[in-house]
Amino acid sequence: MSALRFILGDQLSSGISSLRGATPQDVILMVEVVEEATYVPHHRQKLAFVFSAMRHFALSLRAEGLNVDYVALDHSANTGSFTAELERAVARHAPKTIIITEASEWRVMQMIEAWNFPCPVEVLQDTRFYASQAFFASWAKERKTYRMEFFYRELRRKTGILMDGEEPIGGQWNFDAQNRKPLPKSLKLPERLRFQPDSVTREVIALVEARFPDHFGTLEGFRWGVTRADAEQALKHFIVDCLPLFGDFQDAMKQGEDFMFHGLISPYLNIGLLTAREVVKRAEAEYAEGHAPLNAVEGFIRQILGWREYVRGLYWLEMPNYKETNALNAGRSLPSFYWSGATKLNCLKQVIDVTRRTAYAHHIQRLMITGNFALLAGVTPALIEEWYLLVYLDAYEWVELPNVHGMVMFADGGLLASKPYAASGAYINKMSDYCSGCYYDPALKTGPKACPFNPMYWNFLIENEATLKGNPRMAMPYATLGKMTDQRRAEITGDATAFLQEIGL
Ligand code: FAD
Ligand code: DLZ
Ligand code: SF4
(Lines give C-alpha, C1' and ligand atoms only; values in the text may rest on other atoms or scores of the structure.)
(Ligands and ions follow the chains in the order given, each with its own letter.)
Protein backbone atom coordinates (compact mmCIF):
# COMPACT_ATOMS: atom_id res chain seq x y z
CA MET A 1 0.00 0.00 0.00
CA SER A 2 1.30 3.47 -0.73
CA ALA A 3 -0.32 6.17 1.45
CA LEU A 4 -2.59 6.24 4.47
CA ARG A 5 -4.67 9.41 4.20
CA PHE A 6 -6.25 10.37 7.53
CA ILE A 7 -9.39 12.53 7.23
CA LEU A 8 -10.68 14.22 10.41
CA GLY A 9 -14.36 14.88 11.07
CA ASP A 10 -14.16 18.56 10.07
CA GLN A 11 -12.27 17.81 6.85
CA LEU A 12 -15.18 16.46 4.79
CA SER A 13 -14.34 18.31 1.57
CA SER A 14 -13.63 16.47 -1.68
CA GLY A 15 -10.97 19.12 -2.40
CA ILE A 16 -9.18 18.78 0.97
CA SER A 17 -5.40 18.84 0.51
CA SER A 18 -4.92 15.37 2.04
CA LEU A 19 -7.03 13.79 -0.74
CA ARG A 20 -5.14 15.41 -3.60
CA GLY A 21 -3.72 12.72 -5.86
CA ALA A 22 -5.43 9.89 -3.96
CA THR A 23 -5.56 6.56 -5.84
CA PRO A 24 -7.47 3.31 -5.16
CA GLN A 25 -4.17 1.85 -3.87
CA ASP A 26 -4.21 4.30 -0.95
CA VAL A 27 -6.26 3.81 2.20
CA ILE A 28 -8.45 6.66 3.42
CA LEU A 29 -8.76 6.40 7.20
CA MET A 30 -11.73 7.84 9.09
CA VAL A 31 -12.38 7.12 12.78
CA GLU A 32 -15.21 7.90 15.18
CA VAL A 33 -13.58 8.26 18.60
CA VAL A 34 -14.95 8.78 22.07
CA GLU A 35 -12.15 11.22 22.89
CA GLU A 36 -13.47 13.72 20.31
CA ALA A 37 -17.04 13.20 21.49
CA THR A 38 -16.16 13.95 25.09
CA TYR A 39 -13.21 16.41 25.31
CA VAL A 40 -16.19 18.59 26.04
CA PRO A 41 -19.59 16.91 26.33
CA HIS A 42 -20.96 18.17 23.00
CA HIS A 43 -24.63 18.80 22.32
CA ARG A 44 -26.12 15.51 21.19
CA GLN A 45 -27.17 16.99 17.83
CA LYS A 46 -23.54 17.92 17.17
CA LEU A 47 -22.43 14.33 17.74
CA ALA A 48 -25.18 13.00 15.46
CA PHE A 49 -24.31 15.64 12.84
CA VAL A 50 -20.58 14.92 12.78
CA PHE A 51 -20.90 11.11 12.82
CA SER A 52 -23.63 11.08 10.16
CA ALA A 53 -21.74 13.52 7.92
CA MET A 54 -18.57 11.43 8.31
CA ARG A 55 -20.42 8.24 7.37
CA HIS A 56 -21.99 9.88 4.31
CA PHE A 57 -18.64 11.32 3.26
CA ALA A 58 -17.06 7.85 3.49
CA LEU A 59 -19.86 6.48 1.28
CA SER A 60 -19.24 9.20 -1.30
CA LEU A 61 -15.49 8.44 -1.39
CA ARG A 62 -16.20 4.73 -1.83
CA ALA A 63 -18.61 5.59 -4.67
CA GLU A 64 -15.67 7.32 -6.38
CA GLY A 65 -13.68 4.08 -6.18
CA LEU A 66 -11.50 5.02 -3.21
CA ASN A 67 -10.61 2.55 -0.49
CA VAL A 68 -11.99 3.80 2.86
CA ASP A 69 -11.14 2.17 6.17
CA TYR A 70 -13.91 3.49 8.46
CA VAL A 71 -13.85 2.71 12.20
CA ALA A 72 -17.28 3.27 13.73
CA LEU A 73 -17.73 4.34 17.35
CA ASP A 74 -19.19 0.98 18.36
CA HIS A 75 -16.55 -1.14 16.55
CA SER A 76 -15.38 -3.71 19.11
CA ALA A 77 -11.66 -2.87 18.71
CA ASN A 78 -12.09 0.94 18.72
CA THR A 79 -9.58 2.37 21.20
CA GLY A 80 -11.28 5.78 21.39
CA SER A 81 -8.48 8.18 20.36
CA PHE A 82 -7.02 9.55 17.13
CA THR A 83 -3.47 8.50 17.94
CA ALA A 84 -4.27 4.96 19.07
CA GLU A 85 -6.60 4.43 16.08
CA LEU A 86 -3.88 5.60 13.73
CA GLU A 87 -1.45 3.18 15.37
CA ARG A 88 -3.89 0.33 14.76
CA ALA A 89 -4.38 1.43 11.16
CA VAL A 90 -0.61 1.60 10.56
CA ALA A 91 -0.33 -1.97 11.87
CA ARG A 92 -3.18 -3.07 9.54
CA HIS A 93 -1.94 -1.39 6.37
CA ALA A 94 1.84 -0.82 6.76
CA PRO A 95 1.74 2.42 4.72
CA LYS A 96 4.78 4.01 3.05
CA THR A 97 3.59 7.40 4.25
CA ILE A 98 0.82 9.02 6.33
CA ILE A 99 -0.85 12.11 4.87
CA ILE A 100 -3.05 14.47 6.87
CA THR A 101 -4.28 18.04 6.46
CA GLU A 102 -3.34 20.27 9.43
CA ALA A 103 -5.94 20.09 12.22
CA SER A 104 -8.16 23.12 12.75
CA GLU A 105 -7.61 23.11 16.52
CA TRP A 106 -4.45 23.59 18.53
CA ARG A 107 -5.36 20.64 20.81
CA VAL A 108 -5.37 18.18 17.89
CA MET A 109 -2.33 19.74 16.21
CA GLN A 110 -0.40 19.00 19.43
CA MET A 111 -1.35 15.33 19.06
CA ILE A 112 -0.23 15.26 15.42
CA GLU A 113 3.10 16.87 16.25
CA ALA A 114 3.74 14.15 18.84
CA TRP A 115 3.17 11.30 16.35
CA ASN A 116 6.09 8.96 15.88
CA PHE A 117 5.62 6.24 13.28
CA PRO A 118 7.98 4.04 11.25
CA CYS A 119 6.91 5.93 8.09
CA PRO A 120 6.96 9.71 7.47
CA VAL A 121 3.93 11.86 8.37
CA GLU A 122 3.16 14.59 5.82
CA VAL A 123 1.09 17.43 7.32
CA LEU A 124 -0.43 19.56 4.55
CA GLN A 125 -1.79 23.10 4.72
CA ASP A 126 -5.56 23.52 4.94
CA THR A 127 -6.19 25.45 1.73
CA ARG A 128 -9.93 25.89 2.35
CA PHE A 129 -9.32 29.29 3.97
CA TYR A 130 -8.59 32.48 2.04
CA ALA A 131 -5.80 33.41 4.42
CA SER A 132 -3.05 31.01 5.42
CA GLN A 133 -1.68 31.19 8.96
CA ALA A 134 1.50 32.69 7.50
CA PHE A 135 -0.46 35.40 5.65
CA PHE A 136 -2.25 36.44 8.84
CA ALA A 137 1.01 36.41 10.80
CA SER A 138 2.72 38.69 8.30
CA TRP A 139 -0.27 41.07 8.29
CA ALA A 140 -0.29 41.10 12.12
CA LYS A 141 3.45 41.70 12.40
CA GLU A 142 3.03 45.23 11.11
CA ARG A 143 0.45 46.15 13.76
CA LYS A 144 0.18 46.79 17.50
CA THR A 145 -3.56 46.02 17.54
CA TYR A 146 -5.50 43.88 15.12
CA ARG A 147 -8.89 44.93 13.81
CA MET A 148 -11.14 42.79 11.66
CA GLU A 149 -12.16 45.72 9.45
CA PHE A 150 -8.58 46.31 8.21
CA PHE A 151 -7.84 42.64 7.70
CA TYR A 152 -11.08 42.33 5.75
CA ARG A 153 -10.12 45.25 3.49
CA GLU A 154 -6.75 43.62 2.89
CA LEU A 155 -8.47 40.38 1.82
CA ARG A 156 -10.93 42.30 -0.39
CA ARG A 157 -7.97 43.91 -2.17
CA LYS A 158 -6.09 40.62 -2.40
CA THR A 159 -9.02 38.63 -3.80
CA GLY A 160 -10.81 41.35 -5.79
CA ILE A 161 -14.11 40.39 -4.13
CA LEU A 162 -16.68 43.23 -4.32
CA MET A 163 -13.98 45.47 -5.79
CA ASP A 164 -14.02 47.89 -8.67
CA GLY A 165 -10.32 48.11 -9.45
CA GLU A 166 -8.67 49.51 -6.32
CA GLU A 167 -11.95 50.80 -4.87
CA PRO A 168 -14.69 48.93 -2.99
CA ILE A 169 -17.87 48.50 -5.03
CA GLY A 170 -20.44 51.10 -3.94
CA GLY A 171 -17.69 53.45 -2.72
CA GLN A 172 -17.73 52.09 0.85
CA TRP A 173 -16.10 49.09 2.51
CA ASN A 174 -18.87 48.54 5.03
CA PHE A 175 -22.64 49.10 4.93
CA ASP A 176 -23.42 48.21 8.55
CA ALA A 177 -25.15 51.53 9.18
CA GLN A 178 -28.01 50.15 7.03
CA ASN A 179 -27.99 46.77 8.77
CA ARG A 180 -29.39 47.41 12.22
CA LYS A 181 -33.14 47.49 11.68
CA PRO A 182 -35.58 46.04 14.19
CA LEU A 183 -38.01 43.56 12.61
CA PRO A 184 -41.32 45.16 11.51
CA LYS A 185 -44.29 43.24 13.01
CA SER A 186 -45.93 42.79 9.59
CA LEU A 187 -42.88 41.29 7.83
CA LYS A 188 -43.39 37.70 6.64
CA LEU A 189 -40.37 35.55 7.45
CA PRO A 190 -39.18 32.88 5.00
CA GLU A 191 -39.95 29.25 5.71
CA ARG A 192 -36.58 27.63 6.33
CA LEU A 193 -35.37 24.51 4.58
CA ARG A 194 -34.74 21.70 7.05
CA PHE A 195 -33.85 18.05 6.42
CA GLN A 196 -35.57 14.85 7.56
CA PRO A 197 -33.05 12.32 8.95
CA ASP A 198 -32.32 9.44 6.54
CA SER A 199 -31.52 5.87 7.64
CA VAL A 200 -27.82 6.62 8.29
CA THR A 201 -28.71 9.62 10.48
CA ARG A 202 -31.43 7.68 12.30
CA GLU A 203 -28.92 4.95 13.13
CA VAL A 204 -26.44 7.51 14.42
CA ILE A 205 -29.13 9.27 16.48
CA ALA A 206 -29.90 5.95 18.18
CA LEU A 207 -26.17 5.43 18.84
CA VAL A 208 -25.76 8.90 20.36
CA GLU A 209 -28.94 8.47 22.42
CA ALA A 210 -27.56 5.22 23.87
CA ARG A 211 -23.92 6.30 24.37
CA PHE A 212 -24.26 9.94 25.45
CA PRO A 213 -27.51 10.18 27.43
CA ASP A 214 -26.21 12.91 29.76
CA HIS A 215 -24.98 15.36 27.12
CA PHE A 216 -26.77 18.69 26.66
CA GLY A 217 -29.63 19.13 24.18
CA THR A 218 -32.41 17.19 22.55
CA LEU A 219 -32.11 14.86 19.56
CA GLU A 220 -35.82 14.84 18.64
CA GLY A 221 -35.77 17.93 16.47
CA PHE A 222 -32.66 16.96 14.46
CA ARG A 223 -33.21 18.56 11.04
CA TRP A 224 -29.68 19.33 9.81
CA GLY A 225 -28.35 18.29 6.42
CA VAL A 226 -25.53 15.77 6.51
CA THR A 227 -24.33 15.44 2.92
CA ARG A 228 -22.66 17.68 0.36
CA ALA A 229 -25.95 17.69 -1.63
CA ASP A 230 -27.91 18.81 1.48
CA ALA A 231 -25.41 21.59 2.14
CA GLU A 232 -25.64 22.78 -1.47
CA GLN A 233 -29.42 22.88 -1.19
CA ALA A 234 -29.21 24.78 2.11
CA LEU A 235 -26.90 27.36 0.51
CA LYS A 236 -29.15 27.78 -2.54
CA HIS A 237 -32.20 28.25 -0.30
CA PHE A 238 -30.42 30.89 1.78
CA ILE A 239 -29.14 32.78 -1.26
CA VAL A 240 -32.51 32.86 -3.01
CA ASP A 241 -34.95 33.20 -0.09
CA CYS A 242 -33.02 35.02 2.65
CA LEU A 243 -29.95 36.90 1.42
CA PRO A 244 -31.81 39.96 0.04
CA LEU A 245 -33.05 40.83 3.57
CA PHE A 246 -30.10 39.33 5.53
CA GLY A 247 -28.43 42.72 5.98
CA ASP A 248 -31.46 44.73 7.06
CA PHE A 249 -32.43 42.37 9.90
CA GLN A 250 -29.06 40.81 10.75
CA ASP A 251 -29.22 42.11 14.34
CA ALA A 252 -32.93 41.51 15.01
CA MET A 253 -34.36 38.88 17.37
CA LYS A 254 -37.94 37.58 17.50
CA GLN A 255 -39.46 35.15 19.96
CA GLY A 256 -40.47 31.87 18.31
CA GLU A 257 -38.43 32.60 15.15
CA ASP A 258 -35.28 30.53 15.43
CA PHE A 259 -33.56 31.35 12.15
CA MET A 260 -35.04 34.44 10.45
CA PHE A 261 -32.81 35.52 7.50
CA HIS A 262 -29.57 33.92 8.76
CA GLY A 263 -27.47 31.58 6.64
CA LEU A 264 -27.62 28.41 8.80
CA ILE A 265 -24.48 27.39 6.96
CA SER A 266 -21.74 27.58 9.61
CA PRO A 267 -22.10 23.87 10.53
CA TYR A 268 -21.54 22.92 6.86
CA LEU A 269 -18.70 25.38 6.36
CA ASN A 270 -16.91 24.26 9.50
CA ILE A 271 -16.89 20.55 8.63
CA GLY A 272 -16.13 21.16 4.98
CA LEU A 273 -19.41 20.32 3.26
CA LEU A 274 -19.35 23.88 1.90
CA THR A 275 -16.28 25.97 1.18
CA ALA A 276 -15.91 29.64 2.02
CA ARG A 277 -14.93 30.39 -1.59
CA GLU A 278 -18.07 28.93 -3.13
CA VAL A 279 -20.32 30.67 -0.58
CA VAL A 280 -18.68 34.06 -1.09
CA LYS A 281 -18.70 33.72 -4.90
CA ARG A 282 -22.37 32.76 -4.85
CA ALA A 283 -23.30 35.80 -2.75
CA GLU A 284 -21.18 38.12 -4.91
CA ALA A 285 -22.91 36.84 -8.06
CA GLU A 286 -26.34 37.62 -6.56
CA TYR A 287 -25.32 41.26 -6.27
CA ALA A 288 -23.77 41.34 -9.76
CA GLU A 289 -26.97 39.89 -11.23
CA GLY A 290 -29.17 42.37 -9.37
CA HIS A 291 -30.93 39.80 -7.14
CA ALA A 292 -29.69 41.11 -3.77
CA PRO A 293 -28.74 44.62 -2.58
CA LEU A 294 -25.18 45.60 -1.72
CA ASN A 295 -25.82 46.16 2.01
CA ALA A 296 -26.98 42.53 2.32
CA VAL A 297 -24.27 40.99 0.16
CA GLU A 298 -21.41 43.02 1.64
CA GLY A 299 -22.69 42.37 5.18
CA PHE A 300 -22.86 38.63 4.53
CA ILE A 301 -19.50 38.40 2.75
CA ARG A 302 -17.87 40.37 5.60
CA GLN A 303 -18.94 37.65 8.05
CA ILE A 304 -17.06 35.02 6.06
CA LEU A 305 -14.20 36.80 4.33
CA GLY A 306 -13.82 39.13 7.31
CA TRP A 307 -14.80 37.65 10.65
CA ARG A 308 -14.31 33.95 9.90
CA GLU A 309 -10.84 34.40 8.42
CA TYR A 310 -9.85 36.97 11.05
CA VAL A 311 -10.75 34.82 14.08
CA ARG A 312 -8.90 31.85 12.62
CA GLY A 313 -5.78 33.93 11.98
CA LEU A 314 -5.88 35.38 15.47
CA TYR A 315 -6.43 31.96 17.07
CA TRP A 316 -3.38 30.41 15.39
CA LEU A 317 -1.20 33.42 15.98
CA GLU A 318 -1.99 33.70 19.68
CA MET A 319 -2.48 30.11 20.85
CA PRO A 320 -1.82 28.59 23.34
CA ASN A 321 -1.40 31.72 25.50
CA TYR A 322 -4.56 33.34 24.15
CA LYS A 323 -6.76 31.06 26.24
CA GLU A 324 -5.02 31.94 29.51
CA THR A 325 -5.63 35.70 29.71
CA ASN A 326 -8.36 37.22 31.89
CA ALA A 327 -8.04 40.97 31.38
CA LEU A 328 -11.13 41.84 33.42
CA ASN A 329 -10.30 39.36 36.23
CA ALA A 330 -13.73 37.81 35.88
CA GLY A 331 -14.18 35.00 38.37
CA ARG A 332 -17.85 34.19 38.96
CA SER A 333 -19.40 30.82 38.21
CA LEU A 334 -21.76 30.10 35.31
CA PRO A 335 -25.41 30.37 36.37
CA SER A 336 -27.11 26.96 36.42
CA PHE A 337 -29.86 28.24 34.09
CA TYR A 338 -27.37 28.19 31.19
CA TRP A 339 -27.96 24.42 31.32
CA SER A 340 -31.60 24.21 32.35
CA GLY A 341 -33.07 27.36 30.76
CA ALA A 342 -35.04 27.84 34.00
CA THR A 343 -34.92 31.61 34.46
CA LYS A 344 -37.32 34.55 34.68
CA LEU A 345 -35.13 36.53 32.24
CA ASN A 346 -37.12 35.86 29.08
CA CYS A 347 -34.36 36.74 26.59
CA LEU A 348 -32.01 34.18 28.16
CA LYS A 349 -34.77 31.61 28.49
CA GLN A 350 -35.57 31.91 24.76
CA VAL A 351 -31.98 31.73 23.55
CA ILE A 352 -31.10 28.78 25.80
CA ASP A 353 -34.27 27.05 24.62
CA VAL A 354 -33.44 27.38 20.90
CA THR A 355 -29.89 26.24 21.67
CA ARG A 356 -31.16 23.13 23.44
CA ARG A 357 -33.65 22.30 20.65
CA THR A 358 -31.46 23.03 17.60
CA ALA A 359 -27.79 23.39 18.69
CA TYR A 360 -27.98 26.80 16.96
CA ALA A 361 -28.52 30.42 17.92
CA HIS A 362 -27.75 33.30 15.62
CA HIS A 363 -24.95 35.77 16.11
CA ILE A 364 -26.80 38.50 18.01
CA GLN A 365 -28.38 35.97 20.35
CA ARG A 366 -24.92 34.55 21.12
CA LEU A 367 -23.30 37.97 21.44
CA MET A 368 -25.92 40.20 23.04
CA ILE A 369 -27.97 37.75 25.15
CA THR A 370 -25.97 34.80 26.51
CA GLY A 371 -22.65 36.56 25.85
CA ASN A 372 -23.61 39.99 27.17
CA PHE A 373 -25.06 38.44 30.32
CA ALA A 374 -21.88 36.42 31.01
CA LEU A 375 -19.75 39.56 30.45
CA LEU A 376 -21.86 41.75 32.75
CA ALA A 377 -22.05 39.02 35.40
CA GLY A 378 -18.25 38.59 35.34
CA VAL A 379 -18.32 34.84 34.63
CA THR A 380 -14.92 33.11 34.54
CA PRO A 381 -13.89 33.08 30.85
CA ALA A 382 -13.02 29.36 30.79
CA LEU A 383 -16.50 28.41 32.08
CA ILE A 384 -18.43 30.34 29.48
CA GLU A 385 -15.98 29.23 26.77
CA GLU A 386 -16.64 25.60 27.59
CA TRP A 387 -20.39 26.28 27.43
CA TYR A 388 -20.16 27.77 23.91
CA LEU A 389 -17.82 25.03 22.72
CA LEU A 390 -20.21 22.30 23.70
CA VAL A 391 -23.67 23.69 22.95
CA TYR A 392 -23.36 24.74 19.29
CA LEU A 393 -23.31 22.55 16.20
CA ASP A 394 -20.74 24.79 14.52
CA ALA A 395 -18.41 25.07 17.53
CA TYR A 396 -14.71 24.29 17.05
CA GLU A 397 -12.16 25.97 19.26
CA TRP A 398 -10.51 27.94 16.43
CA VAL A 399 -13.73 29.88 15.84
CA GLU A 400 -15.46 29.62 19.23
CA LEU A 401 -12.54 30.81 21.38
CA PRO A 402 -11.80 34.19 19.75
CA ASN A 403 -15.52 34.93 19.63
CA VAL A 404 -16.05 34.14 23.31
CA HIS A 405 -12.72 35.00 24.90
CA GLY A 406 -12.15 38.10 22.76
CA MET A 407 -15.43 39.42 21.40
CA VAL A 408 -17.76 38.53 24.29
CA MET A 409 -15.60 38.49 27.42
CA PHE A 410 -12.91 41.04 26.46
CA ALA A 411 -10.60 38.63 28.29
CA ASP A 412 -7.82 39.31 25.75
CA GLY A 413 -7.79 42.97 26.83
CA GLY A 414 -8.79 44.24 23.40
CA LEU A 415 -6.69 42.18 21.01
CA LEU A 416 -9.71 41.17 18.94
CA ALA A 417 -12.20 43.99 19.56
CA SER A 418 -11.72 47.61 20.51
CA LYS A 419 -14.31 47.58 23.30
CA PRO A 420 -16.53 45.17 25.21
CA TYR A 421 -19.97 44.55 23.67
CA ALA A 422 -21.78 45.46 26.90
CA ALA A 423 -25.42 46.56 26.73
CA SER A 424 -28.35 47.19 29.05
CA GLY A 425 -31.99 46.09 28.68
CA ALA A 426 -32.79 49.03 26.36
CA TYR A 427 -30.70 47.50 23.55
CA ILE A 428 -32.37 44.09 23.92
CA ASN A 429 -35.79 45.74 23.98
CA LYS A 430 -34.98 47.68 20.81
CA MET A 431 -33.68 44.68 18.84
CA SER A 432 -36.17 42.02 20.01
CA ASP A 433 -39.68 41.37 21.26
CA TYR A 434 -38.43 39.31 24.23
CA CYS A 435 -39.16 42.01 26.80
CA SER A 436 -42.91 42.09 26.19
CA GLY A 437 -43.14 38.50 27.50
CA CYS A 438 -40.79 39.03 30.43
CA TYR A 439 -41.34 39.20 34.18
CA TYR A 440 -38.93 42.17 34.21
CA ASP A 441 -39.35 45.63 32.70
CA PRO A 442 -36.49 47.00 30.56
CA ALA A 443 -37.56 50.60 31.29
CA LEU A 444 -37.11 50.22 35.08
CA LYS A 445 -33.67 50.96 36.49
CA THR A 446 -34.25 49.88 40.06
CA GLY A 447 -36.65 47.83 42.16
CA PRO A 448 -37.70 44.17 42.04
CA LYS A 449 -39.13 44.39 38.50
CA ALA A 450 -36.18 46.28 36.98
CA CYS A 451 -34.54 44.40 34.11
CA PRO A 452 -31.42 42.83 35.69
CA PHE A 453 -29.34 43.87 32.66
CA ASN A 454 -29.75 47.51 33.82
CA PRO A 455 -28.01 47.42 37.22
CA MET A 456 -25.61 44.78 35.90
CA TYR A 457 -24.56 47.03 33.01
CA TRP A 458 -23.65 49.95 35.30
CA ASN A 459 -22.17 47.61 37.89
CA PHE A 460 -19.94 46.15 35.15
CA LEU A 461 -18.66 49.64 34.36
CA ILE A 462 -18.07 50.31 38.06
CA GLU A 463 -16.31 46.98 38.67
CA ASN A 464 -14.03 47.49 35.64
CA GLU A 465 -13.50 51.25 35.92
CA ALA A 466 -9.74 50.99 36.41
CA THR A 467 -9.30 48.87 33.26
CA LEU A 468 -11.89 50.36 30.91
CA LYS A 469 -12.26 54.05 31.77
CA GLY A 470 -9.29 55.07 29.62
CA ASN A 471 -10.68 53.29 26.53
CA PRO A 472 -11.75 56.07 24.12
CA ARG A 473 -14.65 53.97 22.87
CA MET A 474 -16.01 53.75 26.44
CA ALA A 475 -15.86 57.52 26.98
CA MET A 476 -19.62 58.06 26.67
CA PRO A 477 -20.81 55.51 29.24
CA TYR A 478 -18.04 56.54 31.65
CA ALA A 479 -19.03 60.20 31.24
CA THR A 480 -22.59 59.24 32.22
CA LEU A 481 -21.32 57.16 35.14
CA GLY A 482 -19.18 60.11 36.20
CA LYS A 483 -22.31 62.24 36.62
CA MET A 484 -23.92 59.76 39.01
CA THR A 485 -23.99 60.49 42.72
CA ASP A 486 -22.25 58.17 45.18
CA GLN A 487 -25.68 57.20 46.44
CA ARG A 488 -26.81 56.13 42.94
CA ARG A 489 -23.59 54.16 42.43
CA ALA A 490 -24.11 52.39 45.75
CA GLU A 491 -27.71 51.62 44.77
CA ILE A 492 -26.55 50.08 41.46
CA THR A 493 -23.91 47.96 43.19
CA GLY A 494 -26.47 46.86 45.80
CA ASP A 495 -29.09 45.89 43.18
CA ALA A 496 -26.57 44.07 40.98
CA THR A 497 -25.04 42.18 43.93
CA ALA A 498 -28.48 41.18 45.21
CA PHE A 499 -29.45 39.88 41.78
CA LEU A 500 -26.19 37.96 41.33
CA GLN A 501 -26.71 36.39 44.76
CA GLU A 502 -30.29 35.49 43.83
CA ILE A 503 -28.98 33.46 40.85
CA GLY A 504 -26.29 31.81 42.95
CA LEU A 505 -23.22 33.83 41.86
P1 FAD B 1 -24.85 34.06 9.40
O2 FAD B 1 -25.35 35.13 10.28
O3 FAD B 1 -25.70 33.74 8.22
O4 FAD B 1 -23.37 34.44 8.92
C5 FAD B 1 -22.77 33.85 7.76
C6 FAD B 1 -21.51 33.12 8.08
O7 FAD B 1 -20.50 34.01 8.50
C8 FAD B 1 -21.60 32.09 9.19
O9 FAD B 1 -22.08 30.88 8.69
C10 FAD B 1 -20.17 31.99 9.69
O11 FAD B 1 -19.45 31.04 8.96
C12 FAD B 1 -19.61 33.37 9.40
N13 FAD B 1 -19.52 34.18 10.63
C14 FAD B 1 -20.39 35.12 11.04
N15 FAD B 1 -19.95 35.73 12.16
C16 FAD B 1 -18.79 35.12 12.48
C17 FAD B 1 -17.87 35.28 13.54
N18 FAD B 1 -18.04 36.19 14.49
N19 FAD B 1 -16.82 34.47 13.57
C20 FAD B 1 -16.61 33.54 12.62
N21 FAD B 1 -17.45 33.34 11.59
C22 FAD B 1 -18.52 34.13 11.52
N23 FAD B 1 -19.31 30.70 14.67
C24 FAD B 1 -18.93 29.43 14.41
O25 FAD B 1 -18.87 29.04 13.24
N26 FAD B 1 -18.60 28.59 15.42
C27 FAD B 1 -18.65 28.96 16.72
O28 FAD B 1 -18.33 28.18 17.60
C29 FAD B 1 -19.07 30.29 17.02
N30 FAD B 1 -19.16 30.71 18.30
C31 FAD B 1 -19.57 31.97 18.55
C32 FAD B 1 -19.67 32.39 19.88
C33 FAD B 1 -20.07 33.68 20.17
C34 FAD B 1 -20.14 34.13 21.58
C35 FAD B 1 -20.36 34.57 19.13
C36 FAD B 1 -20.76 35.97 19.43
C37 FAD B 1 -20.29 34.16 17.82
C38 FAD B 1 -19.90 32.87 17.51
N39 FAD B 1 -19.81 32.42 16.19
C40 FAD B 1 -19.40 31.14 15.93
C41 FAD B 1 -20.08 33.33 15.07
C42 FAD B 1 -21.53 33.36 14.59
O43 FAD B 1 -22.40 33.58 15.67
C44 FAD B 1 -21.93 32.09 13.86
O45 FAD B 1 -21.00 31.83 12.85
C46 FAD B 1 -23.29 32.23 13.21
O47 FAD B 1 -24.26 32.47 14.19
C48 FAD B 1 -23.60 30.99 12.43
O49 FAD B 1 -24.89 31.02 11.92
P50 FAD B 1 -25.23 31.38 10.42
O51 FAD B 1 -24.57 30.42 9.47
O52 FAD B 1 -26.73 31.46 10.34
O53 FAD B 1 -24.58 32.80 10.28
C1 DLZ C 1 -16.35 17.11 16.65
C2 DLZ C 1 -15.93 15.71 16.34
C3 DLZ C 1 -16.50 14.64 16.99
C4 DLZ C 1 -17.58 14.82 17.98
N5 DLZ C 1 -16.11 13.39 16.74
C6 DLZ C 1 -15.17 13.14 15.82
C7 DLZ C 1 -14.72 11.83 15.54
O8 DLZ C 1 -15.15 10.88 16.14
N9 DLZ C 1 -13.77 11.68 14.60
C10 DLZ C 1 -13.23 12.71 13.92
O11 DLZ C 1 -12.40 12.50 13.04
N12 DLZ C 1 -13.61 13.95 14.20
C13 DLZ C 1 -14.56 14.20 15.12
N14 DLZ C 1 -14.95 15.47 15.41
C15 DLZ C 1 -14.26 16.57 14.72
C16 DLZ C 1 -12.89 16.79 15.34
O17 DLZ C 1 -13.05 17.17 16.69
C18 DLZ C 1 -12.13 17.84 14.56
O19 DLZ C 1 -11.85 17.33 13.30
C20 DLZ C 1 -10.86 18.22 15.24
O21 DLZ C 1 -11.15 18.81 16.45
C22 DLZ C 1 -10.05 19.18 14.42
O23 DLZ C 1 -9.05 19.77 15.17
FE1 SF4 D 1 -34.22 40.31 28.94
FE2 SF4 D 1 -34.52 42.43 30.56
FE3 SF4 D 1 -35.97 42.25 28.35
FE4 SF4 D 1 -36.44 40.59 30.37
S5 SF4 D 1 -36.68 42.81 30.37
S6 SF4 D 1 -36.29 40.05 28.22
S7 SF4 D 1 -34.39 40.27 31.17
S8 SF4 D 1 -33.75 42.45 28.47
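Position 1 is the first residue of the sequence, and the numbers go up from there. Note that ligands are numbered from 1 as they come in the structure, with each ligand's atoms numbered from 1 the same way. Predicted model, so just to flag it, every value in this text is computed and none were measured.
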inquiry  = I need the protein N, O or S atoms closer than 2.8 Å to atom 1 (Fe) of ligand 3, given as residue plus atom name.
reply    = Cys347 SG
Sub-4.5 Å side-chain heavy-atom contact between [X] and [Y]:
X	Y	value
Lys254	Leu189	yes
Trp387	Tyr392	yes
Leu207	Phe212	no

Please list the nearest protein heavy atom to [atom] with its residue and the distance rounded to 0.1 Å.
atom	value
atom 19 (O) of ligand 2	Asp10 OD1, 2.7 Å
atom 9 (N) of ligand 2	Val31 O, 2.7 Å
atom 16 (C) of ligand 2	Glu36 OE1, 3.3 Å

Within less than 4.0 angstrom of ligand 2, does [X] place any heavy atom?
X	answer
Met30	no
Phe82	yes
Glu35	no

ask   = side-chain hydrogen bond (donor to acceptor under 3.5 Å, both in side chains) with Tyr310: which residues, sequence neighbours excluded?
value = none
ask   = Does Thr201 have any side-chain hydrogen bond (donor to acceptor under 3.5 Å, both in side chains) partners at least two apart in sequence or in another chain, and if so, which?
value = Ser52, Asp198
query = Name the residues with a heavy atom less than 4.0 Å from ligand 1?
reply = Phe246, His262, Gly263, Leu264, Ile265, Ser266, Leu269, Asn270, Phe300, Gln303, Ile304, Trp307, Arg308, Val311, Tyr360, Ala361, His362, His363, Arg366, Leu367, Tyr388, Asp394, Ala395, Val399, Glu400, Asn403, Val404, Met407, Val408
inquiry  = Within ligand 2, which atoms have a heavy atom of Glu105 less than 4.0 Å away?
reply    = 20 (C), 21 (O), 22 (C), 23 (O)
note = Near Leu47 (heavy-atom distance under 4.0 Å), the atoms of ligand 2 are 4 (C)
